[in-house]
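These notes concern the structure reproduced below.
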Amino acid sequence: MNSPRLEIDLQKIRYNTRTIVERLKRRGIRVTAVTKAVCGHPAIARAMLDGGAEGLADARLTNAKRLRQAGMTCPITLIRTPMLSQVDDVVQVCEASYNTEKAVIAALAVAARQQNTVHGVILMVELGDQREGIRSQDLGAMAQHVVDLPGVALKGIGANFACLSGIAPTAAKMQALTALANDIEGQCGPFLETVSGGNSATLPWALERHAIGRINDLRLGEAILLGVDPVTGDQIGGLFSDACTLIAEVIEVDIKPVQPSVSLADHLKATIQSAPDTLGTTRLILAVGQQDSDMAGLSMLVGTTLIGATSDHLIIGMKDPALCVGSEMRFQMDYGALMRAAAAPDIQIHLRNDRPAHSVHGAGGPVTCLAPV
Ligand SMILES: *Cc1c(COP(=O)(O)O)cnc(C)c1O
């Protein structure tokens with residue numbers, strides 16, 4: 001089998017999605033599944049939809065196009081503000097997009113009128129992450145601008161947390177978003193279909209026992225794919241955290257004498273701080289490196305230490321290696337590592353527990369369920 005490779009267990013993706021969808025449904029919140037970390041991989045996206053996600057979202061138009069080319073007909077939302085140079089394709093491929101710029105919204109409206117359609121606009125509000133977003137005080141005017149513009153329709157508002165700042169949303173921030181939704185409706189008229197409370201970092205807030213206000217949507221990637229809370233890195237109870245695995249092959253096994261610490265002069269080397277190379281530790285070299293994934297984002301098994309990584313090699317220390325040349329090692333990844341592995345040209349994606357989508361055969365086969373963990 002191809003190595004290195006990314007193994008994705010679709011049954012676990014379906015299970016994670018369904019578990020989150022059901023928990024959030026009780027709170028009146030629907031799930032928009034975010035596919036950007038797996039580059040819009042159609043089978044993985046389909047597993048998310050099979051798990052009950054209402055629609056898909058991606059940050060890149062190329063990924064959205066890939067989904068459409070694979071025959072996905074569900075709503076796809078572009079969650080990164082569209083590039084001015086891409087508005088025609090955005091309107092053609094996506095039902096709606098998140099927006100922060102007047103010029104872009106105007107161009108989307110022109111493109112939509114040319115294509116005889118109406119493009120949905122969700123306005124992204126800045127509530128403290130300090131990445132993209134319209135300032136709260138400017139939101140009303142922008143919303144009115146969208147409402148007045150033929151070719152676009154104001155579908156909702158949304159916020160984003162913990163991407164640039166790493167700070168999870170507070171209850172006060174979420175209340176502010178609800179208040180903004182009510183204000184916009186009061187000022188401009190149309191009912192806001194979507195009030196999107198954020199990404200996986202908002203999940204803990206959404207599952208706590210308190211009023212959720214107007215929030216009725218979350219955009220989730222990491223929680224579904226990795227089963228972890230992005231802010232704390234903790235596993236989310238009841239979810240699989242091993243749906244995605246990176247597999248690499250051992251190409252050298254050697255007991256090396258203790259080395260003086262590696263020179264940091266060569267920027268290709270030692271991008272990861274070297275672990276102490278203790279006596280008696282066997283060094284394994286694997287054929288995978290920084291070009292394939294973020295080696296610092298791999299989780300090490302008990303009894304193994306990450307010694308270092310270069311563009312094409314991963315060096316691991318192991319006390320009692322039962323592994324020989326040609327053996328494979330499996331790693332769980334963080335989001336950054338998954339994202340890079342999914343995009344790396346040398347890494348093939350192997351799907352486990354795939355099954356034909358029901359649409360292919362009309363009636364779906366028996367729905368198999370994993371036992372809860
Ligand atoms: C990436 C992204 C998401 C999904 O984030 P996860 O942490 O994977 O849940 C949601 N919204 C926006 C705007 C994003 O860029």
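Atoms within each ligand, like the ligands themselves, are counted from 1 in listed order. We use all heavy atoms of the structure for the numbers below, so side chains are in, but hydrogens, waters and symmetry mates are not.
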Task: Residue pairs passing the salt bridge (charged side-chain N to carboxylate O under 4.0 Å, His left out) test where at least one lies in residues 231-245, sequence neighbours excluded - done: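 Every salt bridge (charged side-chain N to carboxylate O under 4.0 Å, His left out) pair that includes a residue of residues 231-245, provided the two are not neighbours, is Lys12-Asp242.
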Open item on the list: Whether the Gln69 and Arg66 side chains hold a donor-acceptor pair (N or O, under 3.5 Å, no angle test) is what I'd like checked.
Closed with: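 The answer is no; no qualifying pair exists.
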Task: Side-chain donor-acceptor pair present, Thr81, Asn99, cut-off under 3.5 Å - done: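 No pair is found: no donor N or O on one side chain lies under 3.5 Å from an acceptor on the other.
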Only heavy atoms of [X], strictly under 4.0 Å: list the atoms of ligand 1 that pass.
{"X": "Gly221", "value": "6 (P), 8 (O), 9 (O)"}
{"X": "Tyr335", "value": "8 (O)"}
{"X": "Met124", "value": "13 (C)"}

Task: Any pair counted as ring-ring contact (aromatic ring centres under 6.0 Å, His included), so long as it reaches residues 183-227, sequence neighbours left out - done: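 Only Trp205-His210 qualify under ring-ring contact (aromatic ring centres under 6.0 Å, His included).
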Open item on the list: Using a plain distance cutoff, I'd like to know if Val34 has any nitrogen or oxygen under 3.5 Å from a nitrogen or oxygen of ligand 1.
Closed with: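 Val34 vs ligand 1: no N/O contact under 3.5 Å.
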Task: Any N or O of Glu132 closer than 3.5 Å to N or O of ligand 1 - done: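 N/O-N/O distance below 3.5 Å does not exist for this pair.
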Task: For atom 5 (O) of ligand 1, closest protein heavy-atom neighbour - done: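 Result: Asn199 CB, 3.2 Å.
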Open item on the list: Looking at every non-hydrogen atom in both residues, tell me the closest pair between Val228 and Glu222 and how far apart they are.
Closed with: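 Taking Val228 first and Glu222 second, the nearest heavy atoms are CG2-OE2, 3.5 Å.
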What do we get for [X] next to ligand 1 when only non-hydrogen atoms under 4.0 Å count, side chain, backbone, both or neither?
{"X": "Tyr98", "result": "neither"}
{"X": "Leu220", "result": "backbone"}
{"X": "Ser200", "result": "both"}

Open item on the list: Check this for me, if you would: do Arg5 and Glu328 make a salt bridge, where the nitrogen-to-carboxylate-oxygen distance has to be below 4.0 angstrom?
Closed with: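 Yes, charged N to carboxylate O under 4.0 Å.
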Open item on the list: Less than 4.0 angstrom from a charged side-chain N to a carboxylate O is my criterion; do Arg80 and Glu101 meet it?
Closed with: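 Salt bridge absent between Arg80 and Glu101.
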- [ ] From the options Arg80, Lys36, Arg131, Arg219, select the one whose nearest heavy atom is closest to atom 2 (C) of ligand 1.
- [x]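 Among Arg80, Lys36, Arg131, Arg219, the closest heavy atom to atom 2 (C) of ligand 1 belongs to Lys36.
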